[in-house]
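Scroll down for the structure; my scribbles are underneath it.
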Amino acid sequence: MCYADLGTGFYRNEDKMTETHDKHDFPTRRNLLAGAAFGAATLAVEGLPRQGFAAGKKTGLEDPLKMYPAPPFSQKLQPWPGLQSKMTPRPDCGEKSYVGSGRLKGRHALITGGDSGIGRAVAIAFAREGADVAINYLPEEESDAQEVIAYIRKAGRKAVALPGDLREEAFCQKLAKEAHDRLGGLDCLVNNAGYQTFQEDLLDLTTEHLDQTFKTNVYALIWLTKASVALMKPGSCVVNTTSVQAYMPSPGLVDYAATKSAISSITRSLGKQLLSRGIRVNAVAPGPFWTPLETTGAQPLEVVNRFGSGVPYKRPGQPVEIAPAYVTLASAESSYATSQIWEVTGGMT
Ligand code: NAD
Ligand code: MG
């Protein structure tokens with residue numbers, strides 16, 4: 001099975017993270033207002049949620065193989081961390097379709113990587129289920145993030161934008177506190193931000209590369225969970241994002257797959273440990289999903305443009321198709337579930 005089959009990928013070595021922003025700067029009120037206006041314009045174009053789950057579908061009983069675009073795609077590569085707005089087709093994060101039913105009423109959630117892809121779909125779903133939502137993302141992703149902020153507000157919920165780099169422990173501590181204070185509480189943390197770089201040859205795997213993958217995917221998850229749990233009351237929960245790579249690692253994703261195995265393991269151990277505080281910890285394991293992460297040099301263009309062809313569905317999942325797993329795990333309906341991992345992989349087992 002090739003990397004494309006697993007929905008994982010390659011990464012251009014020359015693409016390095018640029019740090020041109022003050023990582024601890026949260027957005028000004030002016031920025032937020034400007035962003036909200038932009039988001040509102042987007043909403044006007046894309047319309048309000050419709051009844052039923054799948055965008056543009058009529059009966060609610062559609063063939064899942066045919067519900068969303070299948071390869072070949074005509075996506076172009078874009079610089080990391082990438083923008084959802086630069087994707088063709090644009091990922092479906094439930095903007096037009098997700099309809100909530102109060103499953104997270106009165107909850108307060110912090111979602112990392114909430115600007116795009118899976119995190120964006122989770123943010124929109126959580127807001128429409130009644131939660132106030134804070135999102136973290138990188139400063140370069142402000143335009144995607146402000147669209148999400150507008151969707152959360154349109155759902156009638158409080159929205160807090162908290163950009164910054166998770167690879168710093170001090171920022172993770174500040175992020176948890178800021179989310180808690182500005183939301184008026186914190187009872188759900190979704191650790192979803194992730195970094196993936198393909199490296200074919202172990203001899204080319206640099207320490208810088210390892211640091212970025214492990215700090216983003218593992219260290220930050222532990223730092224942020226630690227800071228959040230200290231502020232959480234019994235009944236709260238953590239939902240992590242692992243990957244099918246945790247179980248079926250690709251040869252060129254030695255570091256990324258290892259971090260996803262670590263996240264699965266952390267989910268299982270921490271779930272047991274935090275039960276004494278009344279806090280549940282679970283994870284979702286995506287297969288191939290159509291998101292910016294896949295288009296930013298994580299894999300060669302020809303792989304991107306046949307993304308998802310190797311799974312039984314013969315297409316990638318759209319973020320809206322995985323958001324319900326996060327909603328269910330976050331909801332008090334899942335009160336007996338902890339240390340669990342929910343695979344949503346397009347039929348890969
Ligand atoms: P995405 O690009 O939309 O989201 C990833 C997000 O990570 C970015 O939006 C960015 O905000 C955040 N991020 C990365 N480095 C960061 C840093 N240093 N500080 C702060 N934020 C940072 O892509 P996605 O596919 O929705 O990714 C979400 C999660 O899903 C990731 O953990 C990824 O590993 C996982 N996943 C994705 C797939 C897939 O096929 N798309 C498959 C399995 C697992
Ligand atoms: Mg993004």
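These numbers come from a predicted model, not from an experiment. Just follow the structure's listing: the first ligand is 1, and inside any ligand the first atom is 1.
Using a 4.0 Å cut-off to heavy atoms of Ser116, the atoms of ligand 1 that qualify are 1 (P), 2 (O), 3 (O), 4 (O), 9 (O). If you number the atoms of ligand 1 from 1 as listed, the ones under 4.0 Å from a heavy atom of Gly117 come out as 3 (O), 26 (O). For ligand 1, the atoms sitting less than 4.0 Å from at least one non-hydrogen atom of Phe307 are 40 (O), numbered in the order shown with element in parentheses. If you number the atoms of ligand 1 from 1 as listed, the ones under 4.0 Å from a heavy atom of Gly287 come out as 38 (C), 39 (C), 40 (O), 42 (C), 43 (C). Listed by number with element, the atoms of ligand 1 under 4.0 Å from a non-hydrogen atom of Gly164 are 19 (N), 20 (C). If you number the atoms of ligand 1 from 1 as listed, the ones under 4.0 Å from a heavy atom of Ser243 come out as 43 (C), 44 (C).
Checked against a 3.5 angstrom limit, the closest N/O atoms of Phe289 and ligand 1 fall inside it. Residue Asp115 places at least one N or O, backbone or side chain, under 3.5 Å from an N or O of ligand 1. For ligand 1, one of its N or O atoms has an N or O atom of Glu294 under 3.5 Å away. Polar contact check, Pro288 against ligand 1: no nitrogen or oxygen pair lies under 3.5 Å apart.
Using a 3.5 Å distance cut-off with no hydrogens or angles, the side chains of Ser334 and Asn282 do not pair a donor with an acceptor. Side-chain contact, Thr267 with Asn240: a donor N or O sits under 3.5 Å from an acceptor N or O.
Heavy atoms of Trp290 found under 4.0 angstrom from ligand 1: none, in either backbone or side chain.
The shell of residues lying under 4.0 angstrom from ligand 1, judged by heavy atoms, includes Arg167. Proximity of Thr242 to ligand 1 is established by a heavy-atom distance of less than 4.0 Å. Residue Pro319 places no heavy atom under 4.0 Å from ligand 1. Under the 4.0 angstrom criterion for non-hydrogen atoms, Lys215 is not in contact with ligand 1. Residue contacts with ligand 1: Asp165 is included, with a non-hydrogen atom under 4.0 Å away. At least one heavy atom of Trp80 sits less than 4.0 Å from an atom of ligand 1.
The environment of Tyr219 atom OH is sparse: at most 12 non-hydrogen atoms of other residues, nucleotides or ligands sit within 6.0 angstrom.
Taking the six-membered ring where tryptophan is involved, the planes of His209 and Tyr195 are perpendicular, since the angle between them exceeds 60° and thus also 30°.
The count of protein N, O or S atoms under 2.8 Å from the Mg ion (ligand 2) stands at 3, with waters excluded from the count.
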